[in-house]
Amino acid sequence: MLKIISYTLSAALLLGSCRQKKNAELAPEYLYEVKDQKPICSLIDNKKGNILMLYGNNVALQAANDSLVKQVPGAHYTLVTWKQKQMPGWYGTNMNGGIYSVETLQVSQVGTQPFRADYGFKPGEVYSSLNTKFDRDQRIRFIIEQRAAILP
Amino acid sequence: MKKTPSTAFRRVLSIVGVLIVAFVPLQFASPVVVNPPLTKEISAPEEVTRILKQSCYDCHSNASNPRWYGRIAPVSFLVAHNISEGRARLNFSEWDKNPPVVQELLLWEIVNAIEQGKMPLNSYCMLHSGSRVSASDLAILKKYVNTLPGRHKVDTARIIRPATLASRPANEKLSRIPVSINGVPYYPDYKNWKIISITDKYDGGSMRVVYANDIMYNAIKSKKMPFPDGSKMVKAVWGKQQQDSDGIVRPGNFQNVQIMVKDSRKYAATEGWGFAKFDGLGLKPYGKTAIFDRTCINCHRLLAPGSDFVFNVPTK
């Protein structure tokens, strides 16, 4: 009886209050699907306010699991960069927002300077070229240098 | 048959009569709010505790002080219910019952509950003018949580790799699949799923990647919510290494994976989502009793009801 009274009252008060359940609108355009490659690691870029995900094929993943940095012929990478945004439901987390850029790398030959590699850069919707000095070799090194995140 | 005005009037009268007759004895059944002793009150700067005392203590402390109308039945039933539920969720008078990490998480949750207008409860605000937290007070709370130790936590420990990692293909089957105490299993094939979210959870010094299976991924792609049964997510969590000179932060040690699986019948008690968490490289199932998942849904329900209780979905 008491339970019934309090539940009815709670329900009445809840309905009477201005609490509304508004639904969020999904934005699949922020997703980026990398086919035939696996995640290597995520990275946070605090200077640019970006967040990144590096993918690679099996050769690249194996190389990234090795503790020594090395270029392995046949390694293919994709580095997806998003602008960070505050997670809508939680102040305390930043997540991927709009796509900033997509970089691809295919290592063909090893030990030559400059690197023998195909490198591609595609600006995303929210890319800004302002005050970013772009150095192709440096981007290639950055991609190859990342170690795989540990997973059980 | 059409009712004559007089029968309708007599009906109303008899209802009022019944209400009055019920009202008086109801007072004897009216719950009395008891304030248990304060074991260990939250310690925080005075500007912070002032806000909590003013807006939250009536339901989240052992110093509840219901107004006179809150002591009269039937309102008293609702008040007592809110107090017992509120205290069970978080109690500023028994703050040290929570481990320090949980205390910090609760403080961030508090900021979010206020920011989203979920707390104090609306029914309470309507009757207690001045209990709503002002924008400037919320700013004080935000500033405070940003000074907590977890906010700048860096994982400086040597990175531990599973012994067999280098020699094992990423999707090899585990010899024994761990299962959570509530029956939700670990899904080892998540490494082949698609990624829906990459995060910097700076409140506790971790970074995360959320994988979704095809059912979940396709639902997001076609903007379908609530998510269909069979939707699954796995969230992998790492510590954060020291930021390098270019501002880059890399994942440190692996901490845990957390799982949500949709089965609206099986997990009806938790809004249709089955929850699980597996700790460390050994994937030790988290939770002492099968209802550990109530603490999971309580926070997800409060703060992410507009996206089917999922935080990590891409939204406008």
Side-chain angles (χ1 to χ4, degrees), chain A residues 1-3 5-10 13-14 16-19 21-34 38-39 41-48 51-53 55 58 61-62 65-67 80 82 84 87-97 142 146-147 149-152, chain B residues 29 31 74-75 77-78 80-81 108 111-112 115-116 118 122-123 126 142 145 159-162 165-166 170 191-192 194-203 207 209 220-221 223 225 236 238 240 243 246-251 253-254 281-283 303-307 311-316:
Chain A
M1 174 65 183
L2 302 186
K3 271 208 168 143
I5 293 174
S6 69
Y7 285 150
T8 329
L9 253 166
S10 316
L13 271 165
L14 271 180
S17 77
C18 29
R19 188 193 285 211
K21 192 178 154 187
K22 60 172 187 318
N23 273 330
E25 194 186 334
L26 290 172
E29 61 270 27
Y30 296 158
L31 298 174
Y32 191 91
E33 198 176 321
V34 179
K38 290 190 176 128
C41 68
S42 61
L43 300 159
I44 300 163
D45 182 342
N46 280 330
K47 270 201 186 142
K48 294 209 189 93
I51 198 150
L52 299 77
M53 191 73 220
Y55 295 83
N58 281 332
L61 186 61
Q62 200 121 53
N65 265 317
D66 206 319
S67 49
V80 188
W82 290 264
Q84 288 183 22
M87 181 172 278
W90 185 264
Y91 168 76
T93 293
N94 289 333
M95 68 185 290
N96 47 313
F142 180 79
Q146 305 310 323
R147 304 295 83 204
I150 306 296
L151 281 175
Chain B
V75 178
F77 289 103
L78 174 63
H81 172 78
W108 285 88
V111 165
N112 280 287
E115 183 161 65
Q116 290 193 31
K118 302 289 165 70
N122 262 322
S123 55
M126 289 192 302
K142 276 192 173 174
V145 291
I159 293 183
I160 314 274
R161 305 170 157 266
L165 186 82
K191 287 173 188 169
N192 302 319
K194 293 180 185 102
I195 289 173
I196 55 168
S197 176
I198 302 110
T199 65
D200 172 7
K201 197 165 189 292
Y202 57 82
D203 62 49
M207 53 199 288
V209 170
I220 296 175
K221 275 275 187 195
K223 302 192 180 190
M225 261 194 319
W238 297 270
K240 294 200 285 190
Q243 175 177 317
D246 294 322
I248 303 291
V249 178
R250 296 177 171 78
N253 279 287
F254 170 79
L281 289 170
L283 297 172
L303 299 175
S307 47
F311 289 93
N312 277 283
V313 280
T315 51
K316 283 260 160 59

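Chain identifiers are assigned alphabetically (A, B, ...) following the order of the sequence lines, protein sequences preceding nucleic acid strands; residue numbering begins at 1 within each chain. Values reported hereafter were calculated over all heavy atoms of this structure, with side chains retained and with hydrogens, waters and symmetry mates removed.
Considering all non-hydrogen atoms of both residues, B/Pro305 and A/Asn23 come closest at O-OD1, 4.2 Å. A/Gly89 and B/Gln116 get closest at one heavy-atom pair: O-NE2, 2.9 Å. Taking each heavy atom of A/Thr93 and B/Tyr202 in turn, the nearest pair found is N-CE2, 3.8 Å. For the pair B/Ile198 and A/Trp82, the tightest heavy-atom approach, listed with the atom from each and the gap, is CD1-CZ3, 3.3 Å. B/Met225 and A/Leu26 make their closest contact through CG-CD1, 4.0 Å (heavy atoms, listed as atom of the first residue, atom of the second, distance). Listed here is the closest heavy atom pair of A/Ser42 and B/Pro251: O-CD, 3.1 Å.
Put simply, the side chain of B/Arg161 reaches to within 4.5 Å of the side chain of A/Asn65, judged on heavy atoms. Side chains of A/Lys38 and B/Asn192 form a contact here, defined as non-hydrogen atoms less than 4.5 Å apart. Between B/Ile195 and A/Pro39 the shortest side-chain heavy-atom distance falls below 4.5 Å. Using a 4.5 Å cut-off on side-chain heavy atoms (C-beta onward), A/Met95 and B/Phe311 make no contact.
By the salt bridge (charged side-chain N to carboxylate O under 4.0 Å, His left out) test, B/Lys223 is found to be paired with A/Glu25, residues two or more places apart in sequence or in another chain being considered. Looking at residues two or more places apart in sequence or on another chain, you find a side chain to side chain contact (heavy atoms under 4.5 Å, CB included) between B/Asp246 and B/Asp244, B/Ile248.
At distances below 3.5 Å, not a single donor-acceptor pair connects side-chain atoms of A/Asn96 with backbone N or O atoms of B/Ser197. Looking only at distances, a side-chain donor or acceptor of B/Trp238 sits under 3.5 Å from a matching main-chain atom of A/Ile150. A distance-only check finds no donor-acceptor pair linking the side chain of B/Arg250 to the backbone of A/Cys41 [under 3.5 Å].
Proximity to chain A (any heavy atom under 4.5 Å) is shown, for B/Trp108, by both the backbone and the side chain. For a residue to count as touching a neighbouring chain, one of its non-hydrogen atoms must lie under 4.5 Å from one of that chain's; by this rule B/Lys142 touches chain A with backbone and side chain alike. The contact between B/Ala236 and chain A is made entirely by side chain atoms (from C-beta outward), counting heavy-atom distances below 4.5 Å. With a 4.5 angstrom heavy-atom cutoff, B/Ile160 touches chain A only via backbone atoms. Looking at A/Leu43, the atoms closer than 4.5 Å to chain B (heavy atoms on both sides) sit in the backbone and in the side chain alike. Interface residue B/Asp200: backbone and side-chain heavy atoms are both found under 4.5 Å from chain A. Residue B/Val111 touches chain A through its side chain alone, counting heavy-atom pairs closer than 4.5 Å.
One distance of note links OG1 of B/Thr199 with CD1 of A/Ile44; it measures 8.0 Å at 0.5 Å rounding.
Taking chain A as the reference chain and counting heavy-atom pairs below 4.5 Å, the highest number among B/Glu115, B/Lys240, B/Gln243 is found for B/Gln243. The choice from B/Gly282, B/Ala80, B/Gly247 that makes the most heavy-atom pairs within less than 4.5 Å of chain A is B/Gly247.
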